[in-house]
**Student:** 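Got a structure here, written out as structure tokens. Questions coming.
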Amino acid sequence: MGFTPPPSFTTRPTLEGTFGMSASTHWLATASAQAVLERGGNAFDAAVAGAFVLHVVEPHLNGPGGDLVAIFQAGDDASPTVLSGQGPAPAGATREHYLGEGLDLVPGSGALAAAVPGAVDAWLLLLRDHGTWELADVLAFAIRYARDGHPVLERVARTIATVHRLFTEHWTTSAAHWMPEGRPPRPGEIIVNPAYADVLARLIDAGAAAADRVGRIDAARTEWKTGHVAREAAAFLAQPHRHSSGTDHAGVITVDDFAAYDASYEEPVTLEFRGHTIAKTGAWGQGPALLQTLAILDGFDYDERLDPSSELGAHTILEAQKLAYADREAYYGDGDVPLDVLLSPTYAAERRALIGDTASAEFRPGSVAGVEPFVPPLRTEYGTPTDGSARSAIAGVGEPTVAVTGETRGDTCHIDVVDRWGNIVSATPSGGWLQSSPTIPSLGFCLGTRLQMTWLEEGSTSTLVPGRRPRTTLTPTLVLRDGLPVTALGSPGGDQQDQWQLLYLLRTIVGGYSPQAAIDAPALHTTSLAGSFWPRTWEPAGAVVEDRLGDAVIDGLQARGHVITRAGDWSLGRLSSVGRDRERGVLTAAANPRSAQGYAAGR
């Protein structure tokens, strides 16, 4: 039996054209990015404009106090580049401090979970070095939506409703900002954020006296890191406030932490797969786990083992992912990670041999000579909430996955842009969502929670250390053929981001699906991993599937021992992609129909 053929029907067409393409998780960001292209801007101008709009229109999924990872290739570059907007742990974020506060995990909400914000500096760095537009023109879209308002998404309203008691009882500045009439906003109501509009205006004003475009952008970067934002955030979060632990703590971030951070460029990590080069971040992100999974799957000699829509393929994919993500926990982090071994054919063959006919419920990292693997606490439950029930693993069956205490699993956004000059960018901004910590009233946003992805146990490259980046889940992808980029893609979804992108890659590269058909196709992922989000639980042999996978496949997976959670027909994955078909001279774009929110545009 071969690979399941693509369906004849797709929810939307794969867009094709020759001018430029944009795709993101919100139509207003897509439209803003495309408007920049139409007015002569390049893909980098467009991506930055769209990204700042995402701060405003998807505040439950990202914010200026959060982080960013992008991978891009300029039209005149010979290879892709990774943009790291992942800030490190503040100088005061020591494991000893957290343990002294009575914590055994970094909280999932509250300022103790905040890394140094990296998104804004990274976007400005990208604009300075690869864009062409003035900062004022790029930020005009976001300033207008923040000052004049936009219709609030149903999911934003639902998120605020979920955490409204936290806001009213503990985070009163958040209640004042997001519930000005004493209630959550209704879907479609016009909401505004004048404080954030003022923040962006300050960035523009900071460069007014500079002699050129680069100087104006650098002045904005300096203002962000040493001016009003840094002072207000540090002072406000130094006041004790409620965390997801149910206890009150002050933050440790300072103005010096803001000033010390600079976004940076890095070389990607790559793997060859079926005539394509897949480019990802280094092991300070989870990206190499996708490469490890592909390396394991590439050794199977018939395509059904790689088909997510068949029982055998879905089983094989889930088992390969468990092995890769065990290695993620055992070895990955912002340090010396033996990727030369983990991505080698020999190692992949050893891991492939562990895949049997039934589901594994074990945590099975591989063995690397001279390196001791870290074994995390493998909890299926954590703590006792006020209602007396145990906290259990959240399956991640859709977004937003927000608890009443503010902790959030996998909520993120994404944007891709390609232009007629050959520039292409895939970016996944996240963090600083409205439920991360109390809103800083003078700024209109809060800081992120990325430090929850560090451990307070010793012995891991992901142990909390001041100045070290937490191992982020943000993981955009660039695909190349013969050294030239052909696809930029990504998805929100925390631990599921690369799992859902894997399905896209297998269906397009092996199965011959169009981009839109691959995005539409039924999705699945494993939860048999140590979660990256507080309270960091796992579900041995757990798998989440869309019902459209079919009863025969789902029943077959259950018979093999997978602990199945059915997620409904259209709930998993929020992928988008853009691409370049160089043989035809055509640009493409596709976006996720789930939640009726993501859109692609282009011509």
**Student:** Can you tell if the side chain of Ile317 reaches within under 4.5 Å of the side chain of Leu524, non-hydrogen atoms only?
**Tutor:** no

**Student:** Check this for me, if you would: do Arg328 and Asp498 make a salt bridge, where the nitrogen-to-carboxylate-oxygen distance has to be below 4.0 angstrom?
**Tutor:** no

**Student:** Does some side-chain heavy atom of Gln286 sit less than 4.5 Å from a side-chain heavy atom of Met453?
**Tutor:** no

**Student:** Between Leu297 and Arg305, is any pair of side-chain heavy atoms under 4.5 Å apart?
**Tutor:** no

**Student:** Minimum heavy-atom separation for Pro376 and Ala530, please, with both atom names.
**Tutor:** CG-CB, 4.0 Å

**Student:** Using the side chain to side chain contact (heavy atoms under 4.5 Å, CB included) rule, pick out the option among Val269, Leu478, Leu291, Leu502 that qualifies with Ile278.
**Tutor:** Leu291

**Student:** Does Gln321 offer a backbone N or O that forms a donor-acceptor pair with the side chain of Thr293 under 3.5 Å?
**Tutor:** no

**Student:** So, are Arg574 and Glu58 salt-bridged, with charged N and O less than 4.0 Å apart?
**Tutor:** yes

**Student:** Roughly how far, to the nearest 0.5 Å, is CG of Asp520 from OH of Tyr513?
**Tutor:** 11.0 Å

**Student:** Tell me, do Arg379 and Leu105 make a side-chain contact under 4.5 Å, heavy atoms counted?
**Tutor:** yes

**Student:** I'd like to know if the side chain of Arg351 and the backbone of Leu323 have a donor-acceptor N/O pair within less than 3.5 Å.
**Tutor:** yes

**Student:** For Leu153 and Val57, which heavy atoms make the closest approach, and how far apart are they?
**Tutor:** CD1-O, 3.6 Å

**Student:** If I compare all heavy atoms of Tyr332 with all of Ala289, which pair ends up nearest, and what's the gap?
**Tutor:** OH-N, 3.1 Å

**Student:** For Val69 and Thr472, what are the C-alpha separation, side-chain angles and deciding distance, and is it a side chain to side chain contact (heavy atoms under 4.5 Å, CB included)?
**Tutor:** CA-CA 9 Å; Val69 178; Thr472 182; 4.2 Å; yes

**Student:** Could you tell me whether Glu266 atom CD has more than 12 heavy atoms of other residues or ligands within 6.0 Å of it?
**Tutor:** yes

**Student:** Does one side chain, of Thr461 or Arg471, offer a donor that lies under 3.5 Å from an acceptor on the other?
**Tutor:** no

**Student:** Look up atom CZ in Arg469 and atom OG in Ser264, then write down how far apart they are to the nearest 0.5 Å.
**Tutor:** 5.5 Å

**Student:** Can you tell me how far apart CD1 (Ile71) and CG (Asp416) are? Round to the nearest 0.5 Å.
**Tutor:** 11.5 Å

**Student:** Before giving the answer on side chain to side chain contact (heavy atoms under 4.5 Å, CB included), spell out for Arg594 and Ser571 the whole-Å C-alpha distance, their side-chain angles and the decisive distance to 0.1 Å.
**Tutor:** CA-CA 6 Å; Arg594 298 164 180 86; Ser571 61; 5.9 Å; no

**Student:** Please give me the minimum heavy-atom distance between Phe533 and Gly494, naming the atom from each residue.
**Tutor:** CE1-CA, 3.6 Å

**Student:** Can you find a side-chain donor-acceptor pair between Thr463 and Arg468 that sits under 3.5 Å?
**Tutor:** no

**Student:** Is a side-chain donor or acceptor of Asp307 paired with a backbone partner of Gly313 at a separation under 3.5 angstrom?
**Tutor:** no

**Student:** Do Ser22 and Gln34 meet the criterion of a side-chain donor-acceptor pair at a distance under 3.5 Å?
**Tutor:** yes

**Student:** Do you know the tightest heavy-atom contact between Pro522 and Ser309?
**Tutor:** CG-OG, 4.5 Å

**Student:** Verify, without hydrogens or angle tests, whether Gln435 (side chain) and His60 (backbone) share a donor-acceptor contact under 3.5 angstrom.
**Tutor:** yes

**Student:** Would a line drawn from the ring center of His55 to the ring center of Phe445 be shorter than 6.0 Å?
**Tutor:** no

**Student:** Is there a side-chain contact between Thr454 and Ser462 (heavy atoms, below 4.5 Å)?
**Tutor:** no

**Student:** Any donor and acceptor pair, going by atom type alone, linking the side chain of Asp419 with main-chain N or O of Ala43 inside 3.5 Å?
**Tutor:** yes

**Student:** Answer yes or no: is there a donor N or O on one side and an acceptor on the other, between the side chain of Gln452 and the main chain of Trp534, under 3.5 Å?
**Tutor:** yes

**Student:** Which is it for Leu505 and Thr487 under the side chain to side chain contact (heavy atoms under 4.5 Å, CB included) test, yes or no, and what are the steps along the way?
**Tutor:** CA-CA 10 Å; Leu505 294 173; Thr487 304; over 6 Å; no

**Student:** Could you grab the distance from atom CG of Leu54 to atom CH2 of Trp123, nearest 0.5 Å is fine?
**Tutor:** 8.0 Å

**Student:** Are Ile253 and Phe258 close enough, and set up right, to give a side chain to side chain contact (heavy atoms under 4.5 Å, CB included), and what steps lead you there?
**Tutor:** CA-CA 8 Å; Ile253 196 164; Phe258 276 83; 3.8 Å; yes

**Student:** Just by distance, do the side chain of Gln497 and the backbone of Thr475 share a donor-acceptor pair under 3.5 Å?
**Tutor:** yes

**Student:** Under 3.5 Å, is there a donor-acceptor pair linking the side chains of Thr473 and Arg450?
**Tutor:** yes

**Student:** Give, for atom OH of Tyr325 and atom CD of Gln292, the distance between the pair rounded to the nearest 0.5 Å.
**Tutor:** 10.0 Å

**Student:** Check whether Lys280 reaches the backbone of Leu290 with its side chain - one donor and one acceptor, N or O, closer than 3.5 Å.
**Tutor:** no

**Student:** Could you tell me which non-hydrogen atom of Gln86 sits nearest to which non-hydrogen atom of Ala115, and how far apart they are?
**Tutor:** NE2-CB, 4.1 Å

**Student:** Does any non-hydrogen side-chain atom of Val341 lie less than 4.5 Å from one of Tyr331?
**Tutor:** no

**Student:** For the pair Asp482 and Arg582, find out whether any cationic side-chain nitrogen is under 4.0 Å from an anionic carboxylate oxygen.
**Tutor:** no

**Student:** With distance as the sole criterion, is a donor-acceptor pair present between the side chains of Thr477 and Gln501 under 3.5 Å?
**Tutor:** yes

**Student:** Just to verify, which of Thr449, Leu456, Leu112 counts as forming a side chain to side chain contact (heavy atoms under 4.5 Å, CB included) with Val106?
**Tutor:** Leu456

**Student:** Quick one: does Thr412's side chain get under 4.5 Å of His414's, heavy atoms only?
**Tutor:** no

**Student:** So, Asn423 side chain and Gly75 main chain: donor-acceptor pair closer than 3.5 Å or not?
**Tutor:** yes

**Student:** Could you check whether Thr30 and Trp27, counting side-chain N and O atoms only, form a donor-acceptor pair closer than 3.5 Å?
**Tutor:** no

**Student:** What distance separates Ile519 CD1 from Arg507 CZ, expressed to the nearest 0.5 Å?
**Tutor:** 11.5 Å

**Student:** Taking the side chain as everything from C-beta on, heavy atoms only, tell me whether Trp538 gets closer than 4.5 Å to Thr380.
**Tutor:** yes

**Student:** Is Arg364 paired with Glu362 through a side-chain N to carboxylate O contact shorter than 4.0 Å?
**Tutor:** no

**Student:** Quick check against the 3.5 Å criterion: does Ser426 have a side-chain atom that pairs as donor or acceptor with the backbone of Ala488?
**Tutor:** no

**Student:** Can you find a side-chain donor-acceptor pair between Tyr504 and Ser577 that sits under 3.5 Å?
**Tutor:** yes

